[in-house]
Q: 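Please see the structure below; I have some questions.
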Amino acid sequence: MNSKQHMSGVVAGRLDASDIEGNFQDLHPPLNAHEAVVAADRCYFCHDAPCVTACPTSIDIPMFIRQISTGNPLGSAETIFDQNILGGMCARVCPTETLCEQVCVREVAEGKPVKIGLLQRYATDHAMDSKNEIYKRPAASGKKVAVVGAGPASLACAHRLAMYGHEVEILEAREKPGGLNEFGIAAYKTVDDFAQREVDFVLSIGGISIRYGQKLGEGIALEQLQSDYDGVFLGVGLAGVNALRMEGDDAQGVVDAVDFIAGLRQSKDKSDIAVGRRIVVIGGGMTAIDAAVQAKLLGAEDVTICYRRGKEQMNASVFEQDLATSRGVVIRHWLQPEKVNTADGKVQSVTLEYTSQKDGRLAGTGEMMTIEADQVLVAIGQTLEASGLGLPIKLDGGRIATDADGRTSADKVWAGGDCTNTGDDLTVTAVAQGRDAAEAINKTLKQ
Amino acid sequence: MADITNTFAGIKSPNPFWLASAPPTDKAYNVERAFRAGWGGVVWKTLGEEGPPLVNVNGPRYGAIWGADRRLLGLNNIELITDRDLYVNLREIKQVKKDWPDRAMVVSIMVPCEEAAWKAILPLVEETGADGIELNFGCPHGMSERGMGSAVGQVPEYIEMVTRWCKANTRMPVIVKLTPNITDIRFPARAAMAGGADAVSLINTVSSITSVNLDNFSPEPSIDGKGSHGGYCGPAVKPIALNMVAEIARDAETRGLPVSGIGGITTWRDAAEFLALGAGNVQVCTAAMTYGFKIVSEMIEGLENWMDAQGHASLDDVIGRAVPNVTDWQYLNLNYVTKAKINQDMCISCGRCHIACEDTSHQAITQEVDGVRRFEVIDEECVGCNLCVNVCPVENCITMEPLAAGETDRRTGKKVSGDYGNWTEHPNNPSRVAAE
C-alpha cells in the first residue's frame with residue numbers, strides 16, 4: 001500500500017503511479033475488426049431510422065454501420081464526418097444511451113442496442129489512423145471569417161467554412177485548442193491525447209489558422225471583428241463558474257471542479273495531482289461525475305456527490321451515475337450545502353441541509369447533516385462571461401440568443417455551442433450548431 | 001421412443017445419418033472416430049483404379065463464404081478422390097467393417113469409363129465385405145477434366161451404361177451419385193434407374209468460385225495466384241438439393257427409386273426435411289467438417305424428439321410425406337388469398353417491411369399513421385407476396401393470413417371463393433381446358 005493513501009489533507013500521489021495509470025485506461029476499449037463486423041451485423045438497417053433522428057448531428061447511422069460490415073471503414077468514417085467532423089470525440093463522449101442507442105429498435109425490443117458509439121469509434125479511428133486525406137479545400141473564396149474559441153462548436157464551424165473555401169481565423173483565449181474536449185472531459189474518455197489529434201485532423205483541410213491568447217474583451221473587441229472579417233462565429237463556451245457563495249467557500253481545499261478536471265487533463269503525470277482523502281462534490285451534472293470519479297481513481301478514500309434534487313433530476317446520465325457508483329463514488333440526493341467548516345483555513349467538513357420538493361419548489365427541510373471532508377469540488381454550473389462580448393447582443397437566460405441558423409442579434413455574428421441558449425450542453429450539439437452556423441454563414445457570404 | 005433404424009437400398013444402419021464420401025471418410029482413423037460418435041454409416045472416400053497414387057494440389061483445397069460472425073455458410077473444394085494407395089484403403093475398409101458390423105459401409109468408386117476398369121475394381125471392393133458401392137458421377141472438378149466424375153454424370157447415356165456394368169459385375173447394391181451441374185435432374189436419375197441402379201444419391205457439389213481476391217485478382221481458393229472452379233456445398237446449397245430430391249421423388253418414371261439426400265444438412269431439422277421430400281436416408285459432410293463428428297448426437301436426438309412429438313413411430317412414417325404436396329405451379333390454388341398482418345405489439349418499428357414493399361413491391365405498408373411512425377398493411381394493395389415476412393427481423397411478427405371463403409379481397413374487390421381453382425382452368429389462360 002502506498003504510504004500516502006490514508007494521509008489527511010489534500011495530497012498528491014495517494015496511489016502508485018502505475019496504479020493511477022491503470023485506473024485511467026480507456027473507459028471503453030475499442031472494438032477490433034472482427035468485433036466491429038459482428039457488432040455491425042446486429043444493425044437492421046432500419047428505414048427512416050430512429051437513431052438518425054435522435055442524433056443531434058443526424059449522422060446516417062445505418063449507412064455507416066453497413067459500410068463497416070462490408071469492409072469499408074473509410075467510407076463509413078466519411079459518412080460520419082460529413083455530418084460530424086468531431087465524430088471521433090463524439091463516439092467517445094456522447095451519452096449514446098440517451099441518444100442514438102436509446103431509440104435503437106434493438107434496445108426497444110431486447111434491451112441491447114447496436115453498439116453505435118463503439119462502431120462510430122471504430123470507423124473514425126480507422127480513418128484518422130489511415131492518414132487518408134478525406135477533405136480537400138476548394139479554391140479560396142476570398143472571404144474571411146473569425147471564429148472565437150477553439151472548442152467543438154468552433155472547430156465544426158471552421159471546418160465547414162473551409163470546405164467552402166473560406167479562410168478562417170480562430171481566436172482562442174487559452175494556449176491550446178480543443179475547448180472542453182481538451183480541458184473539460186474525464187481523462188479516461190479520451191486517452192492518448194485524442195483531443196489534440198482530432199484538432200490536427202480537423203485543421204488538416206487547410207485554410208484554418210489559430211491565434212492563441214486571444215480573449216474577447218481583452219485586447220480584441222467584437223466590433224473590430226465585425227469590421228475586419230466577413231463574418232464572426234462565437235463559440236466561446238461558458239468560461240465563468242458559479243461559486244458556492246457560503247461561509248467557508250474561500251477555504252483551502254475548496255476547488256472548482258472545472259479547474260480540477262482541466263488540471264488533470266493537462267498534467268504530464270497524474271501522480272502530481274493532489275486530492276483529498278475525503279471529498280465532497282457539490283452538483284449533479286457531468287462535471288460533478290467526471291470530477292468525482294477521477295478523484296476516486298487518484299486514490300481518494302471517500303468521494304460523495306451531494307445533489308440538491310433527486311436521481312431523476314440529475315443532469316448526468318444514468319450511465320454516468322452508474323459508472324460513478326461502480327467506481328466507489330457515493331451519490332447522495334436531496335442535500336444542499338449550507339456551509340464549509342474549516343480549521344486553520346482548511347476544509348474540515350461540509351454541513352448540508354436536507355431538501356424536499358414542495359409544490360414544485362425545492363426547499364430545505366431545516367434538518368442538517370455533516371460530512372467530513374478535506375476537499376470540496378464545486379460543480380454547480382458554468383456561466384457565459386457576457387461582459388467580454390462588449391456589444392449589446394441579445395441574451396436569453398444568460399446565454400446568447402440565436403435563431404435556428406445560429407444567427408445572433410448582432411450584424412454578421414453567429415454563435416453556437418454551450419454559450420447559446422439552445423440545445424443540450426453536449427459536444428455533439430455544439431458540433432451540430434457550429435456546422436449549421438457555417439452553412440448559414442456560407443449562404444450569407446455567397447449572396 | 002421413435003425407431004430411427006434405417007434400411008436403405010437393402011443396407012441397414014442404426015440411424016439414417018451417413019457421412020458422405022469426402023475427406024471425413026478417407027481412412028480408418030476418421031471413420032472409426034465417426035462410428036464411435038454415433039454415425040449410422042459412411043460412404044468411404046472415392047477409390048480410383050490401381051496405379052500410382054493420385055496427386056492433390058499442395059496449396060489450399062477449400063474456399064468458403066461466411067456470415068458476419070464467421071459462421072460458415074458455404075464451402076467449396078478442389079480436392080480430388082483419395083490420394084492413398086488402393087490396397088491400403090481396401091484393407092482398412094475390410095477391418096473397419098469387421099469391427100463395426102452394424103454400421104453401413106458403402107464404398108465410393110470412380111474409375112475410367114471402360115468396362116474393364118470397373119470389372120477390375122468391383123471384386124476388390126466386394127472382397128472387403130462392404131455393404132454397397134456408390135458411383136461417383138458427381139465430382140465437378142479435376143476428375144471431370146479426365147472424363148470421370150461429373151463428366152459422366154452430365155451424360156445420361158454414360159450413367160446408364162456404367163451402372164449397367166456395375167450391376168452385371170457385383171452382388172452389392174449400386175447407388176449412383178448425381179451431379180447437380182445439369183439442367184434437369186430427372187434425366188440422369190432416369191438413366192441410373194434404367195441401368196438398374198438400386199438407388200441414387202444427391203446432390204454432389206455445385207461448380208463454383210467462392211470469391212475473388214481483390215488485391216491480386218485471383219479466384220479463391222488460390223493456388224499460386226490462379227484458381228479453378230471447385231465443388232460448392234454446405235448450408236447454402238440445401239434449397240437446391242431439396243428441390244432435386246423432390247423432383248426425383250415425384251417423377252412418374254423414378255418414383256419409388258431410393259434417394260439418399262445430400263446437400264447442406266447441418267441439423268436434425270434439415271435431415272427431416274430431406275426425408276419428408278422422399279430421401280430414404282441422408283448423407284452429411286460440411287457440417288461434420290465444420291463442427292466435428294459430435295453433431296450426429298444432436299441430429300439423432302433431435303430427430304427422435306421431433307418424431308415422438310409428432311407421433312411418428314418409424315422413419316417410414318416420415319419418408320416422402322411432403323412429396324404429394326410438391327406440385328407444378330399451374331396446379332396451385334389461385335383462390336387462396338392471403339394478406340400480411342403485422343402484430344403491432346411485436347413490431348419493433350425498424351421499417352424494413354415498409355421500405356421493402358415501398359421500393360420493390362406493392363406499396364402496401366404504411367410508415368406513418370396519423371403522423372406517428374407506424375407500420376400497417378394496406379389490404380387494398382397487399383398481394384400477399386410474403387416479402388415483408390421474410391425481411392422482418394422479428395419472427396412471427398408479420399404473418400400471412402388467408403382470407404376466408406366469402407370474404408372480400410379489398411385489393412380486387414372480389415369475394416374469395418372457397419373452391420379450388422388453378423391456372424389450367426383460369427379464364428386468362430389461352431390454353432385453358434374448358435370446363436365440361
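Per chain, numbering begins at 1; letters A, B, ... match sequence-line order. On a predicted model such as this, the values are computed, not experimentally measured, just so you know.
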Q: Can you establish whether the number of heavy atoms outside A:Arg197 located under 6.0 Å from its atom CZ is more than 12?
A: yes
Q: Ignoring hydrogens, what is the shortest heavy-atom contact between B:Arg373 and A:Pro50? Give both atom names and the distance.
A: NH2-CD, 3.7 Å
Q: Looking only at heavy atoms, which two atoms of A:Ala109 and B:Ile348 are closest? And how far apart?
A: CB-CG2, 3.1 Å
Q: How far does OG of B:Ser349 sit from OH of A:Tyr44, to the nearest 0.5 angstrom?
A: 13.0 Å
Q: Pick one of side chain, backbone, both or neither for A:Val108, based on which atoms fall under 4.5 Å of a heavy atom in chain B.
A: neither
Q: I'd like to know whether CG of B:Asp224 has more than 12 heavy-atom contacts from other residues, nucleotides or ligands below 6.0 angstrom.
A: no
Q: Take atom NZ of B:Lys294 as the centre, draw a 6.0 Å sphere, and report whether it contains more than 12 heavy atoms from other residues, nucleotides or ligands.
A: no
Q: Is there a side-chain contact between A:His47 and B:Gln367, using heavy atoms and a 4.5 Å cut-off?
A: yes
Q: Side-chain contact test, heavy atoms from C-beta onward, threshold under 4.5 Å: evaluate it for B:Ile355 versus A:Phe45 and give yes or no.
A: no
Q: Can you confirm whether more than 12 heavy atoms, excluding those of B:Lys341, are under 6.0 Å from its NZ atom?
A: no
Q: Near B:Asn58 CG, under 6.0 Å, is it more than 12 heavy atoms from other residues, nucleotides or ligands?
A: no
Q: Apply side chain to side chain contact (heavy atoms under 4.5 Å, CB included) to A:Val38 and B:Arg70, showing your working.
A: CA-CA 9 Å; A:Val38 174; B:Arg70 293 284 288 185; over 6 Å; no
Q: Do A:Asp48 and B:His354 pair up side chain to side chain, a donor and an acceptor below 3.5 Å, judged on atom types alone?
A: no
Q: Just so I know, are the side chains of B:Cys350 and A:Arg106 near enough to count as touching, which here means a heavy-atom distance under 4.5 Å?
A: no
